[in-house]
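Structure first, then comments.
No hydrogens, no waters, no symmetry mates; every other heavy atom, side chains included, goes into these values. On a predicted model such as this, the values are computed, not experimentally measured, just so you know. Numbering of ligands and ligand atoms starts at 1, following listing order.
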Amino acid sequence: MIGLEGARYPWRFRLVLALLALMVGAIAWRILDLQVIDRAFLKEQGDARSVRHVPIPAHRGLITDRNGEPLAVSTPVTTLWANGKELQGARERWAELAGALGQDAKSFAQRLEQNANREFMYLVRGLTPERGQAILDLKIPGVYGIEEFRRFYPAGEVTAQLVGFTDVDDRGREGIELAFDNWLAGVPGKRRVLKDRRGRLIKDVQVVENAKPGKTLALSVDLRLQYLANRELRNALVENGAKAGSLVILDVKTGEVLAMANQPSYNPNNRRSMQPAMMRNRAMIDVFEPGSTVKPLSMVAALQSGRWKPSDKVEVYPGRLQIGRYTIKDVSTGGGPVLDLTGILINSSNVGMSKIAFDIGGEAIYNVLQQLGLGQDTGLGFPGERVGNLPNHRKWPKAETATLSYGYGVSVTALQLVHAYSVLANNGRMVPLSLVRVDREPVATQVVPEDVAKTLQGMLQQVIEAPRGAYRAKVPGYHVAGKSGTARKASVGTKGYTANAYRSLFAGFGPMSNPRFAVVVVIDEPSNGYFGGLVSAPVFSKVMSGTLRLMNIPPDNLPSEEPQQTVATSSAAGGRL
Ligand code: 59J
């Protein structure tokens, strides 16, 4: 038939044949085009639709105390996520999944409905690897796991405000975690995987880049001292019904912060009940008027002026002094009508200090306070750290001169105050502060003449050891030095001072045979008694005592040596007052 037809219509047969040949040719060309000529382009396009780069989480660096005790540790956790589209196809297993996740089946189902078109949704973050695996083992279609790291803080509330914390994405958000984020954070790696149209993982192809782990950071704090500081501060807050407090221990030779405690505190491992007041690293981010704890620093200016020596006498009678409309008052006049310089410190005479200030001038005091770092940048760069305020005047009015000399009209952080005292303890040499362990000998600057610093050491030892002294600050077995302060709290918003709101302070150092540690105690609004010598001095005593023992410092005031005096000043203040 065909032959017959072909013979009958030869042109038609040839046409069909030619058309077929053309079609075969076109297909062959297309094959050649796709497989050979456009191959690279098409492969790339195809891969772009299936190859994905998945980050490999980097291990965040460990934070330790100065002896390697862990303060912040990254532990591997499993985060479960779901492909919402896929999960729609496994509705019969939703209740089972909700149960395994410990979630309410009804609200869980609602959530899945809402995310029905999403290819990615978190189910739960940060499970222990075991729990995560158990849920993955249920093999519910559309449920996947990612490995992540989660921060754990072994010392909990004891180091909370100093160490800070990270956010869910493991980036530093507060404290050291934030300040040293670049050092601690690693660089995530990259893994190439193949995924299908619906985002399901088909194949783990290769690691493109390994994750670079973050670096370890050793802080200057000693966890044992940190525990001690925290415990004594918390006890003092409870005993005195106080609102808040902070305490800093400094190594005066290296500038290292050995402890920095703040109360109230919070548990960084469970931040659900955390309140803003608990988060404050008060020792660095709260400023206050240092009151009488500044008097020893003003005394430095007096001695440095060459116009005063410790045995010089000042009339403080009758305990008040009128300067224009402003009256300078002494709280206690029990020390007598005339006091020498040590006596002014022991009795904390505002009048006596002011008279010396009028003689040497406000600028002399200003210069010393500035040199000692009050109201100056510490250079630590701690998040939220305050600089405080040390006002200057071109010509110092009498009222400003007086108030500066006994610690008002100037605001400081607890850290700045302990730094200033550390200079007196370190024979006038200032070393930069450090929150990280110092492994090389720091560069010290002589900011107070050595003889002046040593004289102040003796005077401040008398402030504790003399008959009318702050005996509650004494440390059994050691000679220590220090000064209490009780400052009315400046009112917020309005001018002046709040009635019945005080800050109890104590700043000191020891042991006097070779001063190594300086301590500042700040207790905010105690309600049962408020004098620094009553509220904060006992805390100083307990913390200094524990520090000297934990650091194996040999006692320099053993009972058998008791009759011997190791006072460096020529002052006879103790006996006379
Ligand atoms: C004080 C102040 C407020 C600010 C006064 C304490 C001034 C002042 C204006 C009255 C209690 C009080 C600029 S007291 O720190 O002198 O620590 O053991 O708050 O004087 O002029 O009912 N400290 N404290 N003063 N202001 N302005 C003494 C002293 C001090 C003690 C006790 C007794 C004040 C020994 C404080 C302590 O040294």
Sub-4.0 Å protein heavy atom near atom 35 (C) of ligand 1: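 So atom 35 (C) of ligand 1 lacks protein heavy-atom neighbours under 4.0 Å.
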
Residue portion contacting ligand 1 (non-hydrogen atoms closer than 4.0 Å) for [X]:
{"X": "Phe506", "answer": "neither"}
{"X": "Ser292", "answer": "both"}
{"X": "Lys329", "answer": "neither"}
{"X": "Ile328", "answer": "neither"}
{"X": "Thr486", "answer": "both"}

Geometric cation-pi criterion, Arg271 with Tyr266: 6.0 Å, 45°: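 No, Arg271 does not lie over the aromatic ring of Tyr266.
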
Charged tip of Lys398 within 45° of Phe358 ring normal and under 6.0 Å: yes

Within 6.0 angstrom of Arg549 CZ, more than 12 heavy atoms from elsewhere: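 Enclosed: over 12 neighbouring heavy atoms sit under 6.0 Å from CZ of Arg549.
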
Gap between atom OG of Ser422 and atom CZ of Phe517 - 0.5 Å precision: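 Separation between the atoms: 12.5 Å.
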
Best match, Thr327, Val331, Leu404, Val535: closest heavy atom to atom 14 (S) of ligand 1: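 It is Val331 that holds the nearest heavy atom.
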
For atom 25 (N) of ligand 1, the option (of Phe531, Tyr408, Tyr502) bearing the nearest heavy atom: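 It is Tyr408 whose heavy atom sits nearest to atom 25 (N) of ligand 1.
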
Residue and atom name of the nearest protein heavy atom (relative to atom 4 (C) of ligand 1), distance in Å to one decimal: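 The protein heavy atom lying closest is Tyr497 CZ, 3.3 Å.
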
Cut-off 3.5 Å, no hydrogens considered: what does the side-chain donor-acceptor table look like for residues 518-526, sequence neighbours left out?
from	atom 1	to	atom 2	distance (Å)
Asp524	OD1	Lys489	NZ	3.0
Glu525	OE2	Lys243	NZ	3.4
Glu525	OE2	Lys489	NZ	2.8

